[in-house]
Amino acid sequence: MAQPRPLLLLRLAFALCFLLIRCMLADAAIVEHTFNVGNLTVERLGRSQVITAVNGQFPGPKIEARDGDTVVVHVVNNSPYNMSIHWHGILQRQSSWADGPNMVSQCPIRPGGGRYTYRFNITGQEGTLWWHAHVSFLRATVYGALLLRPAPAEGYPFDKPHREATILLGEWWNASVVDVERQALLAGGAPNNSVALTINGLVDGDHQLLAVERGRTYLLRIVNAALNYQLFFKVAAHSFTVVAADACYTDPYHTDVIVVAPGQTVDALMRADAHPGRYYMAAQVYQSLANATYSATATALITYYHQDDATPPEMPSMPAFNDSATAERFYAGLTGLLRDSTPTVPLHVDTRMLVTFGLGVTPCAPEQTLCNRTLGSVAGSMNNVSFQFPAAMSLLEAHMRGDPDGVYTREFPDRPPVMFDFSGEAGAGAAFAFTSKGTKVKALRYGETVEVVLQNTAILGAENHPLHLHGFNFYVLAQGAGNFNAHRHVRAYNLVNPHQRNTVAVPTGGWAVIRFTADNPGVWIMHCHLDSHLPFGLAMIFEVDDGPTPDAVLPPPPPDYPRC
Ligand SMILES: *[C@@H]1O[C@H](CO)[C@@H](O)[C@H](O)[C@H]1NC(C)=O
Ligand SMILES: *[C@@H]1O[C@H](CO)[C@@H](O)[C@H](O)[C@H]1NC(C)=O
Ligand SMILES: *[C@@H]1O[C@H](CO)[C@@H](O)[C@H](O)[C@H]1NC(C)=O
Ligand SMILES: *[C@@H]1O[C@H](CO)[C@@H](O)[C@H](O)[C@H]1NC(C)=O
Ligand SMILES: *[C@@H]1O[C@H](CO)[C@@H](O)[C@H](O)[C@H]1NC(C)=O
Ligand SMILES: *[C@@H]1O[C@H](CO)[C@@H](O)[C@H](O)[C@H]1NC(C)=O
Ligand SMILES: *[C@@H]1O[C@H](CO)[C@@H](O)[C@H](O)[C@H]1NC(C)=O
Ligand SMILES: *[C@@H]1O[C@H](CO)[C@@H](O)[C@H](O)[C@H]1NC(C)=O
Ligand SMILES: *[C@@H]1O[C@H](CO)[C@@H](O)[C@H](O)[C@H]1NC(C)=O
Ligand SMILES: [Cu+2]
């Protein structure tokens, strides 16, 4: 039935106003960058080192975007290595092609000027994330911050900080990291430790990172971009209020020590309420592996305006490098901030999985020249499958063709093949040490809810592995020590306000339970974010089907999509 003309006009006017206001508020923009990847020579520790870097910068360029923006990054690879870039924590809804893990979502961008344009939307995400290379060990130097700011009309769910500082924590080798990885793989063992930690790329411990005014509050955006170590972070004479983890808001959480695993981020408010002076911020290795000895600390300065320069800077007192209790207290203390717009944890579960993971061994491969033939080669595994990256075609391309034959199978098991005392010393029995290899995925129907009990094993040393899931944020329902026990531990689940993140540091010899909704079609890797464990095969894949509606379908790949 036709509407009376004045009413129609009124409706039109309203619609126009609405659109105008929406545009003004949302102001969706295209954030465009060109990333030229190439050699860069830098001086560190009194020695010059050729590294792989983006646009001649180390750390690489910062990307800043808002909810609703489209990010477009043209990557040009002039480095000598295969390259791919992952936008860590970006949900990549309907853009699995832009996710980045080498041979999972794409074949590499080839050296000698190979190109690929990553294109993705920021949908409903705010906070601190980062981007990094997802091939070989190259993320040691190919990384940068990716800051997602709230819409101006919306603002932070906490008092607006006076200023902010991005703090990228990393590791430094005075060798080519590609050589470090190659040597480890040939020997079938652990790679050389780094020689130093870095803060914003610097090893010099006295550089000023932030100047503060007494009484003001600062937002510290802390990213652990280290390859292989979790870190404790402190600032002398100051404490923090954590407000987000992995770009998911948390309830305000007061602490004087922050713990970040590789891949994770923490947004923390710091009030400058100390005596005006100079203070060190320090990042120190948190070592969860029993009897391991590597420890390192990096520092930088926070200086008050109008301070008395004569006083030497104060150093924070750090936890012991092996203080797992402090690390686990920090992780377990986080809860999610409930806002009107925040989805809450799904209460119904369609698929339950128990996934054991850790390190074991496989026999030396014939080409492994340095491998100990008696001991074998170190292998990571999940449910006793050591993940093998395909060689001829990426998993996502095979998925899109609808023909996984010869690339992967859908045989990833929901449970470990054998139940044993996973976290106990008995788990170290030689009977369990060997692991099988394969490229097996867990297929999920679009929209189903998945709960995964992540259970650490102690087969080749118990340690805290940070597991990172691509394509989703998950809720962390509970974590604990020893073996997961459904009867006892289900009661401990937080189903009210669990925090969300994309990387969970599963306690040493313990477990964590995560839940997520498989509402993003594509192929998504879940892997240990200790970079030394990824080539060992500590990874698995979720393959999510298309859904019934157009917004639940993975569009075809972009025309410049790299194929092998
Ligand atoms: C980049 O550095 C590597 C390693 O030092 C070297 O082999 C290569 O020739 C360099 N490439 C260019 C284009 O300078
Ligand atoms: C991003 O959003 C725009 C507008 O909704 C849409 O046209 C475009 O296809 C999206 N791009 C990707 C890569 O999803
Ligand atoms: C690497 O750096 C460390 C620490 O400064 C130094 O002791 C070592 O000799 C360096 N190694 C090489 C090969 O330069
Ligand atoms: C690893 O460390 C060993 C022992 O310090 C050293 O000989 C070797 O050159 C290092 N490897 C690389 C790739 O730097
Ligand atoms: C750690 O060292 C102690 C003392 O040497 C030894 O008893 C213990 O078995 C070691 N633990 C591991 C996991 O290697
Ligand atoms: C931490 O290491 C020290 C030695 O460096 C050792 O005495 C202590 O028992 C270790 N603590 C834990 C909790 O492993
Ligand atoms: C290989 O490992 C065995 C068992 O730990 C050890 O006895 C042997 O010395 C190792 N061989 C070499 C060449 O390191
Ligand atoms: C894993 O598989 C290997 C090889 O099939 C087998 O030897 C080993 O016992 C299995 N381990 C576990 C924990 O299931
Ligand atoms: C680079 O990628 C190509 C294509 O996947 C592959 O054939 C080649 O082995 C890779 N090179 C290295 C050094 O990994
Ligand atoms: Cu690991």
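Positions are given from 1, in the same order as the sequence printed here. First listed ligand is number 1; within each ligand, the first listed atom is number 1. Worth saying up front: this structure is predicted, and the values here are computed from it rather than measured. Just so you know, these numbers use all the heavy atoms, side chains as well, and skip hydrogens, waters and symmetry mates.
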Worksheet item: Of the non-hydrogen atoms in Leu45 and Ala196, which two are nearest, and what is the gap between them?
Response: CD1-CB, 4.3 Å

Discussion item. Looking only at distances, can you tell me whether any N or O atom of Asn384, backbone or side chain, sits closer than 3.5 Å to an N or O atom of ligand 8?
Written reply: yes

Discussion item. Could you tell me, atom by atom, which parts of ligand 1 come under 4.0 Å of a heavy atom of Asn39?
Written reply: 1 (C), 2 (O), 3 (C), 8 (C), 10 (C), 11 (N), 12 (C), 14 (O)

Worksheet item: Can you say whether the rings of His86 and His134 are parallel (under 30°), tilted (30 to 60°) or perpendicular (over 60°)?
Response: perpendicular

Discussion item. Below 4.0 angstrom, counting only protein heavy atoms, does anything approach atom 9 (O) of ligand 1?
Written reply: no

Fill in: Test log, rule side chain to side chain donor-acceptor pair (under 3.5 Å), inputs Thr356 and Gln455
CA-CA 5 Å; Thr356 57; Gln455 172 72 58; over 6 Å; no

Worksheet item: Are any of the protein's heavy atoms under 4.0 angstrom from atom 2 (O) of ligand 1, yes or no?
Response: yes

Discussion item. With heavy-atom distances below 4.0 Å as the criterion, list the atoms of ligand 8 near Pro417.
Written reply: 14 (O)

Worksheet, complete the sentence: If we number the atoms of ligand 8 from 1 as shown, the ones under 4.0 Å from a heavy atom of Phe434 are 1 (C), 2 (O), 3 (C), 6 (C), 8 (C), 10 (C), 11 (N)

Worksheet item: Parallel, tilted or perpendicular: which describes the rings of His88 and His132, with under 30° parallel and over 60° perpendicular?
Response: tilted

Worksheet item: Rounded to the nearest 0.5 Å, what separation is found between the OG1 atom of Thr198 and the CH2 atom of Trp172?
Response: 8.5 Å

Practice prompt. Could you tell me whether Tyr81 and ligand 1 have an N or O pair separated by under 3.5 Å?
Written response: no

Worksheet item: Going by an N to O cut-off under 4.0 Å, is there a salt bridge joining Lys442 and Glu543?
Response: no

Worksheet item: What is the number of protein N, O or S atoms that sit under 2.8 Å away from the Cu ion (ligand 10)?
Response: 3

Worksheet item: Val50 heavy atoms, cut-off 4.0 Å: which ligand 1 atoms fall inside?
Response: 2 (O), 5 (O)

Worksheet, complete the sentence: Applied to residues 182-194, the salt bridge (Lys or Arg N to Asp or Glu O under 4.0 Å) test, sequence neighbours excluded, yields Asp179-Arg182

Worksheet item: Would you call Arg139-Asp531 a salt bridge at under 4.0 Å N-O?
Response: yes

